[in-house]
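Whatever order the structure lists ligands and atoms in, that order sets their numbers, starting from 1. Keep in mind that what you see is a predicted model, and the values were worked out from it rather than measured.
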Amino acid sequence: TATALPFKVADLSLAEAGRHQIRLAEHEMPGLMALREEFGPSQPLKGARIAGSLHMTVQTAVLIETLVALGAQVRWVSCNIFSTQDDAAAAVAVGPTGTPEAPAGIPVFAWKGETLEEYWWATEQLFDWSAEGFEGPNMILDDGGDATLLVHKGREFELAGAVPDAAPGDSHEWTVILDTLRRSLAASPDRWQRIAAGILGVTEETTTGVHRLYDLHAAGQLLFPAINVNDSVTKSKFDNKYGIRHSLPDGINRATDVLIGGKVAFVAGYGDVGKGSAEALRGQGARVIVSEIDPINALQAAMDGFQVARIESVLEVADIFVTTTGNKDVITVAHLQGMKHQAIVANVGHFDNEIDMAGLESLPGAEKVEIKPQVHEWRLPNGRSILVLSEGRLMNLGNATGHPSFVMSNSFSNQVLAQLELFTKTAQYPVGVYVLPKVLDEKVARLHLAALGVELTELTPAQAAYIGVPVAGPYKVDHYRY
Ligand code: NAI
């Protein structure tokens with residue numbers, strides 16, 4: 001269609017505030033700035049048309065402008081209805097050289113507090129490149145897999161000739177996706193097939209999105225190669241852990257201003273995000289209790305000094321509940337009804353089904369009171385209240401501004417290298433799910449040492465030969481776990 005909008009953000013007058021934050025963030029993102037220096041002159045992403053679906057924050061703005069500096073054309077949306085920083089989105093739409101009156105940035109469709117209908121509308125805009133003179137993108141940069149899902153489902157329903165009706169028990173969000181694709185199918189019988197055929201690959205940011213990719217591939221349905229950015233060591237062992245260690249307490253504080261010290265905090269899941277969450281809460285002086293389904297992680301938590309218990313055992317003890325599992329139904333409505341008065345309930349896993357929000361919304365006699373946006377008191381029929389943050393969605397992005405720049409520079413350097421790999425070495429990546437080679441992982445870490453004053457010890461050739469690694473790396477076997 002020729003009606004493609006240039007962009008949609010909350011308020012362009014926020015662009016200057018956003019630009020100041022981006023400028024400060026650039027200094028905190030040495031990896032991305034080094035990649036601009038290394039690859040800017042050769043423009044390796046020239047010809048790349050990247051559809052990006054990832055929290056539209058200040059840090060993401062630096063990622064976007066790095067991709068552009070390497071030659072790419074970009075469209076962007078947020079991958080969560082609450083995670084956009086409106087000042088960052090405005091600055092990206094206006095661009096470094098534009099003004100609010102004459103915006104000269106990239107097409108970004110994101111604002112804080114989208115409805116699900118608006119969210120999927122925005123995600124559809126990612127794929128309409130008519131304003132740029134193309135049918136669609138040729139690369140996807142995804143966080144959680146929603147952009148990838150739209151292409152796969154759109155194509156699947158086109159081939160079936162119809163979009164199915166939602167089944168009883170399907171989520172409201174799935175109904176919205178089906179409606180979006182039904183409209184699309186009515187307008188064109190083969191749009192998503194053409195778009196899918198034009199995509200060279202996807203780079204995926206998070207644990208949950210990576211699970212979806214491996215599932216698709218195992219089912220023989222993955223349509224293009226994927227790089228699993230999450231499982232770069234310099235992503236999951238840094239962003240997921242040290243990032244949440246910063247942004248989880250930030251979100252709790254901004255949302256509630258409740259003193260964490262002395263409280264009992266319950267953390268569901270002791271993977272990378274759970275480890276960072278538990279450490280942060282303990283650092284604030286809380287007594288932390290962890291739950292796990294995996295005996296290895298449960299033992300790790302115990303050895304790290306945490307009590308490990310089932311949620312049922314701690315309902316009447318814990319003041320703060322945090323889910324970090326990437327699983328569903330971790331906190332049920334029955335659990336919510338067993339909690340203390342004014343218990344805080346928060347999720348930092350990717351999707352909002354870790355806490356049974358749908359069940360809470362349909363609980364007879366429950367009343368929702370908005371304390372402020374993304375902070376709700378739920379008055380329960382038993383006379384007690386609980387405080388639910390960000391309606392059960394990623395609260396470190398909904399109630400705060402997500403992970404800080406330095407850690408995201410590591411994650412996003414992996415994203416840029418992954419885009420470069422898939423776009424410039426397409427033939428080397430048949431359909432499948434890959435991780436970046438270890439030497440690139442080590443390179444990302446290397447790019448962040450100087451800023452922290454790290455003095456790295458160099459192997460002598462004799463030492464290198466003795467432990468059987470090259471002097472310049474890679475230093476570990478692929479199955480090393482860090
Ligand atoms: P992970 O796989 O390392 O950890 C998840 C842990 O939860 C595993 O150890 C698993 O055994 C455990 N688990 C699964 N079901 C459980 C249950 N019912 N009860 C207790 N424990 C259970 O995954 P990771 O990297 O920690 O990611 C977790 C989630 O957080 C994912 O959805 C991921 O996409 C998301 N994420 C969120 C971030 C944020 O900024 N909020 C940042 C990075 C990841």
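No donor-acceptor pair closer than 3.5 Å links the side chain of Asp319 to the backbone N or O of Lys263. Looking only at distances, no side-chain donor or acceptor of Glu26 sits under 3.5 Å from a matching main-chain atom of Val62. In terms of modelled atom types and a separation under 3.5 Å, the side chain of Gln419 and the main chain of Ile50 share no donor-acceptor contact.
Atoms of ligand 1 found under 4.0 Å from any heavy atom of Asp294 (numbered from 1 in listed order, with element): 11 (O). Taking a cut-off of under 4.0 Å to the non-hydrogen atoms of Gly269, the atoms of ligand 1 that pass are 7 (O), 20 (C), 21 (N). Interface atoms of ligand 1 facing His403, defined by a heavy-atom separation under 4.0 Å, are 39 (C), 40 (O), 42 (C).
Nearest protein heavy-atom neighbour of atom 28 (C) of ligand 1: Thr324 O, 3.2 Å. Of all protein heavy atoms, the one lying nearest to atom 44 (C) of ligand 1 is Thr206 OG1, 3.3 Å. Here the protein heavy atom with the shortest distance to atom 23 (O) of ligand 1 is Thr207 CG2, 3.5 Å. Of the protein's non-hydrogen atoms, Asn396 ND2, 2.9 Å is the one closest to atom 40 (O) of ligand 1. Ranking protein heavy atoms by distance to atom 8 (C) of ligand 1, first place goes to Glu292 OE2, 3.4 Å. When only non-hydrogen protein atoms are considered, atom 1 (P) of ligand 1 lies nearest to Gly271 CA, 4.0 Å. Considering only non-hydrogen protein atoms, atom 37 (C) of ligand 1 sits nearest to Val348 O, 3.1 Å. For atom 15 (N) of ligand 1, the closest non-hydrogen atom of the protein is Asn327 ND2, 3.1 Å.
Heavy atoms of Ser236 stay at 4.0 angstrom or farther from ligand 1.
Taking any N or O of Tyr270, backbone or side chain, none lies under 3.5 Å from an N or O belonging to ligand 1. The shortest N or O to N or O distance between Asn240 and ligand 1 is below 3.5 Å. At least one N or O atom of Asp272, backbone or side chain, sits closer than 3.5 Å to an N or O atom of ligand 1. Not one N or O of Asp239 is nearer than 3.5 Å to an N or O of ligand 1, by distance alone. Considering backbone and side-chain N/O atoms, Leu397 never comes within less than 3.5 Å of an N/O atom of ligand 1. The shortest N or O to N or O distance between Asn297 and ligand 1 is below 3.5 Å.
Ring centers of Trp192 and Phe157: at least 6.0 Å apart, outside the cut-off. In this structure, Phe306 has its ring center closer than 6.0 angstrom to the ring center of Tyr270.
Ring-plane geometry between His350 and His55 is classed as tilted, the angle between the planes lying from 30 to 60 degrees on a 0 to 90 degree scale. Relative orientation of the Tyr434 and Tyr429 rings is perpendicular, given thresholds of 30° and 60° on the angle between their planes.
Between Arg212 and Asp146 there is a salt bridge, with a side-chain nitrogen of the basic residue lying less than 4.0 Å from a carboxylate oxygen of the acidic one. Using a 4.0 Å cut-off between charged nitrogen and carboxylate oxygen, Lys153 and Glu156 count as a salt-bridge pair.
Between atom 22 (C) of ligand 1 and the options Thr325, Asp329, Ile244, the minimum heavy-atom separation is to Thr325.
Using modelled atom types and a 3.5 Å distance limit, the side chains of Thr332 and Asp356 yield no donor-acceptor pair.
Of all the heavy atoms in Arg36 and Leu70, the pair that sits closest is CA-CD1, 3.9 Å.
With a 4.5 Å cut-off on side-chain heavy atoms, Ile289 and Val267 do not count as touching.
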